Amino acid sequence: MSDNSLNNLPKGFKGMSHDMGSDQTAFKGVQWGKVMMWIFLLSDTFVFSCFLISYMKGRTSTVVDWPNTSEVFSLHVGGMPVPLLLIAIMTFVLITSSGTMALAVKYGYEKNRKMCGWLILATAIGGLTFVGMQVFEWSKLIHEGVRPWENPFGAKQFGSFFFMITGFHGTHVSIGVIFLFIYARKVFRGDFDEGKRGFFTTMKSDYVAIEILGLYWHFVDLVWVFIFAFFYLW
Amino acid sequence: MHPGIIFLGVVVGSVLFHIFTPWWWTDIASNWGAMDDTINLTFWIGGGVFILVCLFMVYCVFMFSYKEGRKVEYKPEDHKLEKILTIATTLGVVALLAPGLIVYNNYINTPKNALQVEVNAWQWGWQYRLPGEDGILGTAQVTKITDDNPFGINLDDPNGKDDILIEDDVLHLKTDRPVKILLRSLDVLHNYYVPQFRAKMDAIPGIITYYWFEPNKIGEYEVLCAEYCGVGHYAMRAKVIVESEGSYKKWIKEQETFSDLIAKKEKDKLNITLIVKNND
Amino acid sequence: MSDEHNPQNTPIEAQSSETTSGTSGTPSKDIDYVRPAELPEQDLYHGHSFITKWIFCQDAKVIGVQYFLTAVFTGIVGLVLSWLMRLQLGYPDLVPFITAEHYYQFVTMHGMIMVVYFLTALFLGGFGNYLIPLMVGARDMVFPYVNMVSFWMFFIAVCVLMASFFVPGGPTGAGWTLYPPQAILPGTPGSNMGIILMLVSLSLFVIGFTMGGLNYIITILQARTRGMTLMRMPLTIWGIFTATALAMLAFPALLVSCIMMTLDKMLETSFFMPAILQAGEVLDYGGGSPVLFQHLFWFFGHPEVYIVALPAFGIVSDLISVHARKNIFGYRMMVWAIVGIGGLSFFVWAHHMYVSGMNPWFGFFFATTTLIIAVPTALKVYNWIITLFRANIRMNTVMLFCLGFIVTFVNGGITGIFLGNVAVDIPLSDTYFVIAHFHMVMGIAPLMVIMGAVYHWFPLVTGRMLSEKLGKWHFWFTFLGAYSIYFPMHYLGFIGVPRRYFEMYDSPYVASAIGLNEFITIAALIVGFSQLIFIYNIVSSLSIGKPAGKNPWKANSLEWLTPEVPPAHGNWGEKLPVIYRWPYDFNVPGAKEDYITQTTPPSKVISAEVEKT
């Protein structure tokens with residue numbers, strides 16, 4: 001749809017009801033893949049919300065004291081315990097990677113293949129770093145005796161919820177990293193420029209795919225902010 | 001045969017079945033007649049809607065079967081009619097909800113003079129505990145259950161010593177005295193249900209749930225477990241005997257308390273040591 | 001002529017009076033104006049080998065049939081399980097093979113199969129895939145590859161579920177609601193491998209249906225053809241659309257509860273497991289909450305029943321409209337009712353938990369919301385019967401099934417009002433009243449719609465008509481038989497017979513229920529076997545059925561207007577259709593025929609006083 005006809009449509013709230021009432025598309029000018037990602041992320045939000053609400057229910061109705069999160073999650077640097085240091089670094093890395101992703105999307109639309117490709121790689125490295133640090137944290141806690149079924153610091157459910165929620169989130173990040181590497185390769189090869197057909201779906205590639213992946217990446221980042229707030233800070 | 005006749009037969013048959021059914025609720029033996037009344041009200045309103053809707057449908061089936069060239073009304077909407085129907089339905093809903101919520105309010109607010117009865121549920125049987133002279137049940141925990149302490153009562157809690165323990169599954173109740181059933185489960189979900197009392201609530205391991213009722217008819221009633229709890233669920237029965245004050249007092253005197261049980265277990269242990277000693 | 005026409009109709013008549021025949025010249029072009037295409041033609045993958053045309057096929061019509069056949073297969077398994085259950089209930093000593101363990105395994109698998117793998121997959125995967133692209137004027141779903149993968153995920157989920165019949169310990173016998181702690185403890189059949197396979201199968205199902213659901217929603221929102229506004233879509237699409245939206249938001253809760261229960265079983269976590277005494281030993285669990293599972297499960301479970309009901313509502317509206325030759329009464333209200341019921345369905349879940357031991361004050365809230373949701377549902381019922389009023393009703397098999405739906409749905413819906421009112425639910429919960437209610441409203445009523453829909457759309461899918469004579473026999477056996485099973489069953493609940501009871505024993509007041517149980521068993525077996533009439537009808541009509549030709553029912557909606565019947569890959573041939581009206585222009589005053597298809601431009605029916613939609 002050309003830019004001109006998009007501009008002719010009513011804007012604002014009136015525009016929303018006009019678009020909903022019009023024929024053909026409800027979201028004007030929005031590619032199918034983008035709508036798909038938004039709706040999928042809405043569904044995934046419900047998954048993480050169920051996890052976090054269950055966690056809150058478990059936490060508020062615990063019969064045994066909950067472990068002190070700032071103690072459990074602290075790193076010892078030079079003999080001094082620094083609470084929440086590791087996850088502060090993880091959060092910084094993930095948010096930065098969201099930044100590089102946003103830049104990658106911009107360069108992608110400008111058809112600047114080099115910048116776009118490198119920024120996607122940077123995002124992937126950031127994601128990989130995040131997962132690596134998560135693995136490190138897991139191994140540290142497991143070493144200290146935290147298990148899904150019990151832990152030496154307090155209520156059993158602490159370990160269960162921790163491993164389940166961070167595991168689910170880490171899996172989402174890992175899947176994103178895999179796609180980022182695949183897309184970096186596609187960008188460098190010029191697949192998006194020439195509209196090369198995908199291996200599985202046989203559909204033509206387009207730079208909007210990078211924006212769609214970006215949406216997923218920002219979602220993963222946002223979920224982390226909530227996990228960070230509810231699990232580590234509370 | 002015109003299909004309309006068969007549909008009409010279904011409606012008429014349903015009404016007749018309801019009027020002449022030999023399968024109707026058990027005679028109520030508790031104070032919760034209000035639940036029965038609410039059910040009756042729902043039958044009038046809901047049943048009325050069912051009959052009216054189906055009869056109207058049957059009427060249409062008779063009057064408007066396919067005829068070439070029949071004049072059909074083309075009226076996509078009728079706001080007035082829709083508004084009337086919405087208001088009527090809402091009124092019907094309110095007429096059902098209001099009494100229902102009033103009854104429910106009574107259900108969750110236990111009268112102050114209710115006798116507390118703790119019902120323990122386990123796969124697949126029941127046992128009971130009464131508060132004894134001090135009127136307070138001792139605290140208890142599943143993790144404290146042993147052979148010597150089948151109810152898991154806290155040994156440090158003084159209130160628990162005079163608790164009356166009933167290890168078989170027959171519970172006696174005094175007639176015309178409200179009872180608050182405190183449900184504890186030792187393993188999985190169960191539910192202590194006597195159809196004649198109408199009330200029920202699940203027993204959840206880890207928490208104590210409750211409901212109350214006032215038995216008002218002397219007799220023997222079967223208890224059915226009403227929450228699926230494994231292969232023995234259908235066999236998990238018990239009995240409630242509602243009796244006069246005199247018989248109830250006699251029954252209570254025969255039951256042992258927790259301190260009686262502790263003393264008995266001590267004596268048994270002593271006897272065993274003596275026997276062992278004598279056998280040496 | 002009715003006086004309540006939309007006054008906006010007059011400009012059309014005025015215009016037509018200014019022209020002679022209205023077939024050429026600028027005024028007709030104004031009447032026939034439809035916005036130009038916004039999007040380029042969809043890029044479709046065309047399979048050429050047998051595998052890419054019939055197995056790993058990306059054509060939504062083929063995928064729809066695949067879903068349909070797989071779902072029907074699971075439904076037949078569920079049906080046979082129900083016969084075994086009824087044999088035990090009616091004639092307890094007849095079949096020694098049915099032990100208590102086996103009985104509970106049958107109960108569980110029957111329930112899970114019917115609700116999830118049969119009804120949900122059939123309505124959304126079967127009808128959704130076939131009808132959505134056709135009814136909105138698209139060539140296929142928006143993501144055909146993902147659509148194909150979604151079917152195979154469902155297929156694998158079914159295989160995993162069926163595998164649980166063959167593992168040591170057998171399938172889970174925890175009841176379709178899978179409540180912990182019992183579901184994963186010994187004392188419940190299948191508490192080792194069986195429950196794990198069930199949970200894995202459900203998780204796979206959710207993942208597959210998320211993929212499919214994205215397709216259905218986005219095709220409806222973003223891939224409609226020119227002129228097809230949301231308010232010109234058939235109610236079938238509205239029903240399936242809303243149901244899919246519910247699925248996207250409700251399945252996450254099921255997924256989460258399955259994951260947590262799997263961890264409780266496999267890693268001995270204590271999400272749902274409190275301190276438990278088993279066989280004299282205190283288990284290693286502690287601190288968990290069984291009620292948390294129930295909240296998560298029913299947050300999924302209640303929308304799930306509307307995921308089954310809403311497509312049925314939508315489909316039956318279209319079936320009634322076509323075969324009564326009359327527009328569905330109150331289309332806009334019907335749309336808002338579907339959407340409203342869908343939205344409200346997220347706020348009523350704990351009416352399944354009135355006696356669960358949850359905070360008692362919740363009962364007030366959920367009883368209120370549950371009875372509120374009755375209002376839009378009742379409005380839909382009124383609109384269906386008002387549609388029949390002053391219509392021209394063809395009493396064929398399709399219409400009979402619609403009428404059967406109305407009777408059974410109103411019956412089941414009313415008993416739902418009983419149960420929704422919390423004080424009434426207390427004596428009736430966990431009794432046969434509940435079983436009778438949900439079978440009537442979720443088993444029989446949607447099944448009536450499914451069968452009617454098959455008789456209705458079989459000519460489109462295969463090009464042949466099903467036998468009317470066999471259809472009528474099939475209908476009367478099924479409707480009368482099923483009604484005789486479930487209507488009296490409510491009264492078993494009134495006398496207090498609890499559900500999930502292997503045997504009642506000689507309880508003094510239920511001795512009289514023996515005869516009723518026997519009657520219900522016989523009726524169930526008769527209804528079950530009479531489905532053979534249906535299967536025979538389908539199989540034989542494939543070869544000897546009367547050729548249907550194009551649009552044999554003289555319907556208006558797009559799926560009947562494809563250039564080829566059955567529709568070919570790409571659905572529309574060279575040119576996508578253009579829409580000028582809603583699908584309910586039946587018996588429009590002033591029109592020559594008793595129907596005006598959606599693709600008929602206004603200039604062709606100038607004299608018709610249509611509702612401007």
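Chain A is the first sequence line, chain B the second, and so forth, proteins listed ahead of strands; every chain is numbered from 1. Keep in mind it's a predicted model, so treat the numbers as computed, not measured.
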| message | In the structure I gave you, are the side-chain heavy atoms of B:P3 and C:L403 within less than 4.5 Å of one another anywhere? | response | no
| query | For B:A34, which residues count as a side-chain contact (heavy atoms from CB on, under 4.5 Å) partner, sequence neighbours excluded? | reply | B:V103
| request: Sort by residue number and list every member of residues 10-18 of chain B having a non-hydrogen atom under 4.5 Å from chain C. | output: B:V10, B:S14, B:F17, B:H18
| Rounded to the nearest 0.5 Å, what separation is found between the OH atom of C:Y179 and the SG atom of B:C229? | 13.5 Å
| Are B:V188 and C:L185 side-chain neighbours, meaning at least one heavy-atom pair lies under 4.5 Å? | yes
| note | Heavy-atom closest pair (B:L224 atom, C:G496 atom, distance to 0.1 Å) is CD1-O, 3.8 Å
| note | In terms of heavy-atom pairs under 4.5 Å with chain B, the winner among C:I414, C:V282, C:L277 is C:L277
| field | B:I108 versus chain C, the contacting section by heavy-atom distance below 4.5 Å | value | side chain
| task | Answer with yes or no whether the side chains of C:Q278 and B:Q123 bring together a donor and an acceptor at under 3.5 Å. | result | yes
| task | Go through B:I204, B:L189, B:L183 and name the one with the most non-hydrogen pairs under 4.5 angstrom from chain C. | result | B:L189
| query | Going from CG on C:L379 to OG1 on B:T86, what distance comes out if it is rounded to the nearest 0.5 angstrom? | reply | 4.0 Å
| Using non-hydrogen atoms only, which part of B:M201 is less than 4.5 Å away from chain C: side chain, backbone, both, or neither? | both
| message | So C:F418 and B:L96, do their side chains get closer than 4.5 Å, heavy atoms only? | response | no
| field | Side chain to side chain, B:D78 and C:F329, heavy atoms closer than 4.5 Å | value | yes
| said: Please tell me whether C:T431 and B:Y193 have a donor and an acceptor in their side chains that are separated by less than 3.5 angstrom. | reply: no
| task | Please report the closest heavy-atom contact between B:E73 and C:K326, naming both atoms and the distance. | result | O-CE, 3.1 Å
| message | Tell me every residue that passes salt bridge (charged side-chain N to carboxylate O under 4.0 Å, His left out) with B:D169, counting only those two or more places apart in sequence or in another chain. | response | none
| task | List the steps, then state whether side-chain contact (heavy atoms from CB on, under 4.5 Å) holds for C:D594 with B:V72. | result | CA-CA 9 Å; C:D594 73 345; B:V72 166; over 6 Å; no
| Are any non-hydrogen side-chain atoms of B:F56 and C:L388 less than 4.5 angstrom apart? | no
| remark: Bottom line for B:Y107: the part with an atom under 4.5 Å from chain C's heavy atoms is side chain
| task | For residues 189-200 of chain B, pull every pair meeting salt bridge (Lys or Arg N to Asp or Glu O under 4.0 Å), keeping only residues two or more places apart or in separate chains. | result | B:D36-B:R198
| said: Is a donor from one side chain sitting under 3.5 angstrom from an acceptor on the other, for C:D430 and B:Y228? | reply: no
| request: Could you check which of C:G287, C:A423, C:G357 has the highest count of heavy-atom pairs closer than 4.5 Å to chain B? | output: C:A423
| task | Without swapping roles, check the side chain of C:E503 against the backbone of B:Y234 for a donor-acceptor pair under 3.5 Å. | result | no
| field | Whether B:Y104 side chain and C:P360 backbone form a donor-acceptor pair below 3.5 Å | value | yes
| task | Compute the ring centroids of B:F43 and C:F494, then answer whether they are less than 6.0 Å apart. | result | yes
| request: Report yes if the side chains of B:P22 and C:Y491 come closer than 4.5 Å at any heavy-atom pair, otherwise no. | output: no
| said: So for B:T21, is it side chain, backbone, both, or neither that comes closer than 4.5 Å to the heavy atoms of chain C? | reply: side chain
| task | Check each atom of B:Y59 against the heavy atoms of chain C and say whether the ones under 4.5 Å are side chain, backbone, both or neither. | result | side chain
| request: Compare all side-chain heavy atoms of B:V49 with those of C:V381 and state whether any distance is below 4.5 angstrom. | output: no
| said: Quick check: do C:V588 and B:Y74 have side-chain heavy atoms less than 4.5 Å from each other? | reply: yes
